[in-house]
Amino acid sequence: MSKRRVVVTGMGAVTPIGNNTAEFWDSIRAGRVGIGPITAFDTEGYKVKLAAEVKDFDAKKYMDFKTAKRMERFSQFAVAAAAEAFRDSGINMEQEDPFRAGVIIGSGVGSLQEVESATDRIREKGPSRVNLLLVPRMISNMAAGNVSIHLGFRGKCTNVATACATGSHCIGDAFRAIQYGDADIMAAGGAESCICPTGVAGFTALTALSQNPDPTRASIPFDKDRDGFVIGEGAGVVILEELEHAKARGAHIYAEVAGYGATGDAYHITSPIEDGSGAAKAMELAMEEAGAAAADIDYVNAHGTATHHNDLFETKAIKSALGKAAEDVVVNSTKSMVGHLLGAAGGVEFIVCVKSIQEGFIHQTMGTRETDAECDLNYAVGAPVEKPIHYAMSNSLGFGGHNASLLIKEYKN
């Protein structure tokens with residue numbers, strides 16, 4: 001069966017630097033950093049004091065009060081971002097077969113807050129007093145379920161949970177669903193919100209989080225002084241559509257999804273494999289599917305977490321996959337501005353790639369000053385880069401050895 005072409009026709013974002021795509025992209029261009037003191041809970045006794053929180057988010061702007069109460073924050077973010085992407089796409093569901101429109105939106109964690117609340121209530125008042133909606137508010141698949149209900153998409157509705165690679169795997173699987181005829185339209189991406197005592201304490205115990213108290217120097221991917229990532233929250237959702245379906249309804253096409261690679265390291269539960277071979281293979285598979293050579297890649301939006309192992313091993317992966325062409329490619333990390341959105345990272349960073357192709361603008365890696373001697377690529381340090389972008393690669397790497405690479409290209413009829 002021949003593969004069908006897949007394009008991007010809608011985008012929606014909720015991030016620490018903007019609660020819609022326009023605000024988010026304006027902040028990206030301006031180099032704003034959305035990291036600050038944690039307000040979600042009292043950090044007394046915690047080594048980590050900073051996070052990248054979503055600001056001024058009011059769920060009632062996106063759904064009615066009763067619906068909002070039935071969702072935890074990660075699901076609210078997903079619905080808000082998906083609703084924006086749907087509006088942006090211009091799709092009229094009265095003219096569509098709802099069983100040809102699906103949803104693949106994931107969360108790496110779901111709601112730790114709901115677990116914390118239930119545990120406290122059981123301890124204090126007994127098991128019969130837990131929230132009646134504990135389970136549907138807690139479980140990670142409810143981001144996809146709530147979006148399906150909100151949009152009326154009745155086709156394939158699943159979620160992927162691959163830690164920090166979740167958003168990219170969701171988009172990749174949605175891409176495949178359209179390529180092979182399972183759907184004509186897919187809402188895809190990731191949502192996350194676990195800035196809470198359990199989330200922060202857990203990642204701190206792994207020594208994964210930065211303890212730098214300076215918001216401008218806490219998330220510094222590829223820097224010689226990097227000491228971990230900054231936990232963030234948000235959602236990134238896109239509408240993917242089969243090309244001929246999009247053209248038939250006169251849709252505005254932002255870009256084309258050209259390739260997708262997914263691999264496993266089979267190495268360690270938290271560290272990427274040291275030679276970067278798993279991530280490199282995912283990049284190679286994405287390029288192979290797209291029919292693109294290494295020299296065609298203009299820009300790589302790296303996973304770039306600012307942990308020692310990730311940045312070093314991802315650098316090795318890029319050099320392995322691109323060979324000599326790695327010397328010319330521009331690499332950056334959006335996490336330098338929004339922190340690490342965990343399961344939502346891939347969705348938000350995919351949007352950055354699409355906007356970068358549209359505008360020929362690659363944001364700088366904010367906060368990074370002097371790169372590690374072994375991190376020797378062009379990480380857009382000190383200033384953004386303006387250049388035509390025909391192919392952009394988005395990488396995501398997750399605990400457990402999950403690797404995903406999405407290759408997006410400039411749309412040409």
Side-chain angles (χ1 to χ4, degrees), residues 15-17 28 31-38 46-53 108 163-165 167-168 192 194-195 199-200 202-234 268 270-272 274 276 279 300-318 330-346 348-349 352 362-382 384 394-399 402-403:
T15 78
I17 56 174
I28 287 286
R32 297 190 182 100
V33 174
I35 297 167
I38 293 172
Y46 288 76
K47 295 177 181 178
V48 171
K49 306 292 185 181
L50 301 180
E53 297 177 326
C164 308
S168 292
E192 202 80 83
C194 59
I195 302 173
V200 173
F203 282 115
T204 301
L206 285 172
T207 66
L209 297 183
S210 172
Q211 296 182 31
N212 193 318
D214 181 355
T216 68
R217 287 285 289 168
S219 182
I220 49 173
F222 308 105
D223 194 289
K224 66 181 183 63
D225 295 324
R226 68 193 184 278
D227 71 331
F229 71 80
V230 173
I231 191 169
E233 62 179 354
H268 191 271
T270 58
S271 173
E274 294 181 6
V300 175
N301 187 296
H303 190 57
T305 60
T307 61
H308 177 270
H309 282 9
N310 177 92
D311 293 1
L312 175 58
F313 302 156
E314 187 178 8
T315 295
K316 291 181 179 180
I318 293 168
V330 182
V331 180
N332 70 1
S333 173
T334 303
K335 293 177 181 70
S336 65
M337 297 191 203
V338 301
H340 192 347
L341 274 55
L342 307 177
V348 169
E349 290 158 11
V352 170
I362 300 172
H363 71 75
Q364 75 180 84
T365 302
M366 296 298 298
T368 299
R369 296 174 184 168
E370 185 178 350
T371 56
D372 188 318
E374 294 184 273
C375 294
D376 53 357
L377 298 174
N378 176 9
Y379 304 107
V381 173
S394 180
N395 288 339
S396 294
L397 318 177
F399 281 179
H402 307 289
N403 307 302

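All values reported here derive from a predicted model rather than from experimental measurement. Computed from heavy atoms alone, side chains included, the values below leave out hydrogens, waters and symmetry copies. Count residues from 1 along the sequence.
Put simply, OG1 on T204 and OH on Y46 are 8.5 Å apart, with the number rounded to the nearest 0.5 Å.
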Exercise for the section: Check the pair F399, L206 against side chain to side chain contact (heavy atoms under 4.5 Å, CB included), reporting the backbone distance first and the verdict last. Expected result: CA-CA 11 Å; F399 281 179; L206 285 172; 3.6 Å; yes

Practice task
Check the pair M366 / R32 against side chain to side chain contact (heavy atoms under 4.5 Å, CB included), numbers first and verdict last.
Solution key: CA-CA 8 Å; M366 296 298 298; R32 297 190 182 100; over 6 Å; no

Exercise for the section: Could you give me the CA-CA distance, side-chain angles and deciding distance for V48 and I231, then say whether side chain to side chain contact (heavy atoms under 4.5 Å, CB included) is met? Expected result: CA-CA 10 Å; V48 171; I231 191 169; 5.9 Å; no

Exercise for the section: Determine, step by step, whether D311 and D372 satisfy the side chain to side chain contact (heavy atoms under 4.5 Å, CB included) criterion, reporting the C-alpha distance in whole Å, the side-chain angles of both residues, the deciding distance to 0.1 Å, and the verdict. Expected result: CA-CA 9 Å; D311 293 1; D372 188 318; over 6 Å; no

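Remark: the H303 side chain and the T305 side chain contain no N/O donor-acceptor pair separated by less than 3.5 Å. With no hydrogens or angles considered, a side-chain donor-acceptor pair links D227 and S210 at under 3.5 Å.
Of the options I220, V381, D223, T315, a side chain to side chain contact (heavy atoms under 4.5 Å, CB included) to T371 is made by V381 and by none of the others.
Between K316 and E274, no side-chain nitrogen of the basic residue sits less than 4.0 Å from a carboxylate oxygen of the acidic one, so the salt-bridge criterion is not met.
Partners of E233 by salt bridge (charged side-chain N to carboxylate O under 4.0 Å, His left out), not counting sequence neighbours, listed by chain and number: R73. Evaluation of the salt bridge (charged side-chain N to carboxylate O under 4.0 Å, His left out) rule for D225 yields R217 as partners, not counting sequence neighbours.
Taking the six-membered ring where tryptophan is involved, the planes of F229 and F203 are perpendicular, since the angle between them exceeds 60° and thus also 30°.
Heavy atoms only, all atoms of each residue included: S396 and S168 are closest at OG-OG, 2.7 Å. Annotation for V331 and A302: closest pair CG1-CB, 3.8 Å, computed over non-hydrogen atoms.
Between L312 and R226 there is a side-chain heavy-atom pair separated by less than 4.5 Å. The closest side-chain heavy-atom distance from P16 to I35 is not below 4.5 Å. Under the 4.5 Å side-chain criterion, counting only non-hydrogen atoms from C-beta, L209 is not in contact with V230. With contacts defined as side-chain heavy-atom distances shorter than 4.5 Å, the pair T216/V33 does not qualify.
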